[in-house]
Amino acid sequence: MFRRRQDPPSPPPASEEPSLPNRPSPRSPSEAIKPTVAPPPPERPERRRGGLLATISGFLTLGVVLALGALIGLTLINRQASEPGPLAADKVVVIPSRSGTSEIASILAREGVIEHPSLFEMSARFGGKGPLKHGEYMFKAHASVKDAIETLTNGRQVQHAITFPEGLTSEQIVARLNDNDVLSGEIAETPPEGSLLPDTYKFERGATRQQIVNLMRAKQREVLNQIWQRRSADVPVKTPAEMVTLASIVEKETGRADERPRVAGVFVNRLQKRMKLQSDPTIVYGLVGGRGTLGRGILRSEIERATPYNTYVIEGLPPGPIANPGRAALEAVANPSRTKDLYFVADGTGGHAFADSLEGHQRNVTRWRQVERSRQQSQQADPTAVDKVDPNTAEPNAGQPGAIPGRSSAYAPGSNAALDGGAADGGARPKAFDASEGTRLDPLRNKTFDLGSPKTVPALRNP
């Protein structure tokens, strides 16, 4: 096979020369060495912007403007919300349940806490730290809108308190709960005697009476278990219930904290010697039950009347508590004073004189009668004097003829003539009562009654 020979390309004609770009010929050597000015760049064709990009850009711009406006607005609102409010003095305001922000704003404006409800609503919606809570709240004087919102979001409501002095019966405690107009609801049934712990209990508006009863029962079980675990082995009580029963008697016999262990020691000594307790408050409970008081002195016939609770008749402890003892009385029974005392009688100073023999006790009774006679003489000399009686240590009919000085508490009752207001010998009956709860002498009816001060009550006045 033969290949075709290719002839080399023929040179261009002599007459033809390669074309050169047109450029101006230099007019001088200096111009020839200057660089040539670059031609201007070609004009870019005009590109038409798409509709989506334009929309996004517009929204971003609008968002930035709105954000700046909102920031400025919140700054102004926050400044106004921090200014002092119109409230001139502290005030308690109740916010009903299921109240919306606008309703709360209206309530606060009506009560004078805030001035501008709309400012409160905006601040609560955009600057609040949580939902607004209903309840009863204390707003400080000149509280700002911001302060009001913080009060409602924190939920720290006004705390109410109800106090139950030691030695009240369960029936008296229920009556005290029913008299409280902040609590709501009814109590299902009167709790068993001795099952409640007297104390001061705090609660918020809306709490029910049954909730307070349940709390008192739970606290009593807790305290009783603690004290029972650390009781003295020498105490002649076999169960926690028996300890509550003995503590209730101690509670009704004395209102002085420093005397409770010694009074408990007297009854412990009597139980160990198989002596009758001979406690007057047990007579009263056997006669009137949960009402807790006779409203007068104990009659001789009532001392001899047999009831399940009359410790002048029965031996040992009564079948149950005669009141609700406090923590101190329970502690006193669990760890009583180690003495040989078997008797005690009022000494005229709000306390008692103790004795370990009947002879010593009779001397103490004689001194007490002298104190009573001097009191009666001073009252007769000054008819305007006010007779005050300690409801926990007062000696009903003390100092009257016909007394029984062998009693453990030596209340020295009079005869049946006490019903007519006279002593057995026709003399004047002392103005003293075995207990005062529920009577016109009741210190609990005085709302300013201070449990830490000596328990004195005004003299009985004729209706």
Side-chain angles (χ1 to χ4, degrees), residues 164-176 190-198 216-217 220 223-224 235-256 259-260 263-264 266-268 270-271 275-299 302-303 305-334 336 344 352 390-396 407-409 411 413 433-439 442 444 455:
F164 303 97
E166 298 86 346
L168 293 185
T169 65
S170 294
E171 187 175 324
Q172 291 170 327
I173 289 177
V174 169
R176 193 166 178 80
T190 302
E193 204 70 77
S195 64
L196 307 177
L197 182 70
M216 295 180 72
R217 297 184 74 164
Q220 198 269 357
V223 170
L224 180 58
V235 178
V237 292
K238 301 176 181 179
T239 64
E242 288 186 353
M243 188 169 75
V244 174
T245 299
L246 184 54
S248 68
I249 298 175
V250 173
E251 192 72 81
K252 297 298 290 185
E253 287 283 6
T254 180
R256 286 182 50 166
E259 283 192 347
R260 289 191 184 102
V263 171
V266 169
F267 291 123
V268 166
R270 283 187 162 244
L271 288 173
M275 297 173 63
K276 290 184 175 66
L277 295 184
Q278 294 184 321
S279 171
D280 287 17
T282 63
I283 299 175
V284 176
Y285 193 87
L287 295 173
V288 301
R291 296 204 308 274
T293 182
L294 285 172
R296 56 170 175 78
I298 302 173
L299 307 179
E302 292 169 339
I303 295 175
R305 184 184 307 174
T307 70
Y309 287 86
N310 188 348
T311 53
Y312 284 86
V313 178
I314 66 171
E315 293 185 359
L317 294 170
I322 62 172
N324 289 278
R327 185 191 303 262
L330 291 169
E331 293 277 8
V333 171
F344 58 90
H352 292 84
D390 186 333
N392 289 290
T393 60
E395 309 291 338
R407 306 162 72 194
S408 64
S409 54
Y411 271 7
F433 292 85
D434 58 299
S436 62
E437 293 91 354
T439 69
D442 190 352
L444 302 181
K455 297 180 180 180

Is there a donor-acceptor pair under 3.5 Å between the side chain of Glu193 and the backbone N or O of Gly290? no
Report yes if the side chains of Pro236 and Arg270 come closer than 4.5 Å at any heavy-atom pair, otherwise no. no
Got a salt bridge between Arg260 and Glu166, using NZ or NE/NH1/NH2 to carboxylate O under 4.0 Å? no
Closest heavy-atom pair, Gly326 versus Glu251, reported as atoms and distance to 0.1 Å, is N-OE1, 2.8 Å
Distance col, row Lys252:NZ vs Asp280:CG, nearest 0.5 angstrom, shows 12.0 Å
Could you tell me whether the side chain of Ile314 reaches within less than 4.5 Å of the side chain of Pro308, counting heavy atoms only? no
By side chain to side chain contact (heavy atoms under 4.5 Å, CB included), which residues pair with Thr245, not counting sequence neighbours? Leu317, Pro318, Pro321
Is a side-chain N or O of Asn310 found less than 3.5 angstrom from the main chain of Gly286, in a donor-acceptor match? no
Please confirm whether the backbone N or O of Ile322 pairs with a side-chain atom of Ser248, one donor and one acceptor, at under 3.5 Å? yes
Examine distances only and state if a side-chain atom of Thr282 and a backbone atom of Tyr309 form a donor-acceptor pair shorter than 3.5 Å. yes
Straight-line distance of Ile173 CD1 to Met216 CE, nearest 0.5 Å: 4.0 Å
Interatomic distance, CD@Gln172 vs CZ@Arg291, rounded to 0.5 Å, equals 10.5 Å
Can you find a heavy atom in the side chain of Leu196 that is under 4.5 Å from one in the side chain of Ser170? yes
Looking only at atom types and distance, does a side-chain atom of Glu259 sit under 3.5 Å from a main-chain N or O of His352, one as donor and one as acceptor? yes
Would you mind reporting whether Val244 and Ser195 have side-chain heavy atoms less than 4.5 Å apart? no
Please give me the minimum heavy-atom distance between Thr311 and Gly316, naming the atom from each residue. CG2-O, 4.2 Å
If you look at every heavy atom in Pro165 and Arg176, which pair is closest and at what distance? CD-NE, 4.5 Å
Can you find a pair of side-chain heavy atoms, one from Thr169 and one from Tyr285, that are under 4.5 Å apart? yes
Between the CG atom in Leu330 and the CG atom in Leu197, the distance rounded to the nearest 0.5 Å is 7.5 Å
Show the nearest heavy-atom pair for residues Pro198 and Gly167, with the distance to one decimal. CG-N, 4.4 Å
How many angstroms lie between CD in Gln278 and CD1 in Ile283, if you round to the nearest 0.5 Å? 9.0 Å
pair Val288-Leu294: side-chain heavy atoms closer than 4.5 Å: yes
Flag the pair Val235 / Pro336 as yes when at least one side-chain heavy-atom distance between them is below 4.5 Å, and no otherwise. yes
Between the CD atom in Glu302 and the CG atom in Leu287, the distance rounded to the nearest 0.5 Å is 5.0 Å
Kindly say whether Gly194 contributes a backbone atom to a donor-acceptor pair with the side chain of Asn324 at under 3.5 angstrom? yes
So, for Ser279 and Ile249, which heavy atoms are closest and what is the spacing to 0.1 Å? OG-CG2, 3.3 Å
Can Val313 and Thr307 be said to form a side chain to side chain contact (heavy atoms under 4.5 Å, CB included), step by step? CA-CA 8 Å; Val313 178; Thr307 70; over 6 Å; no
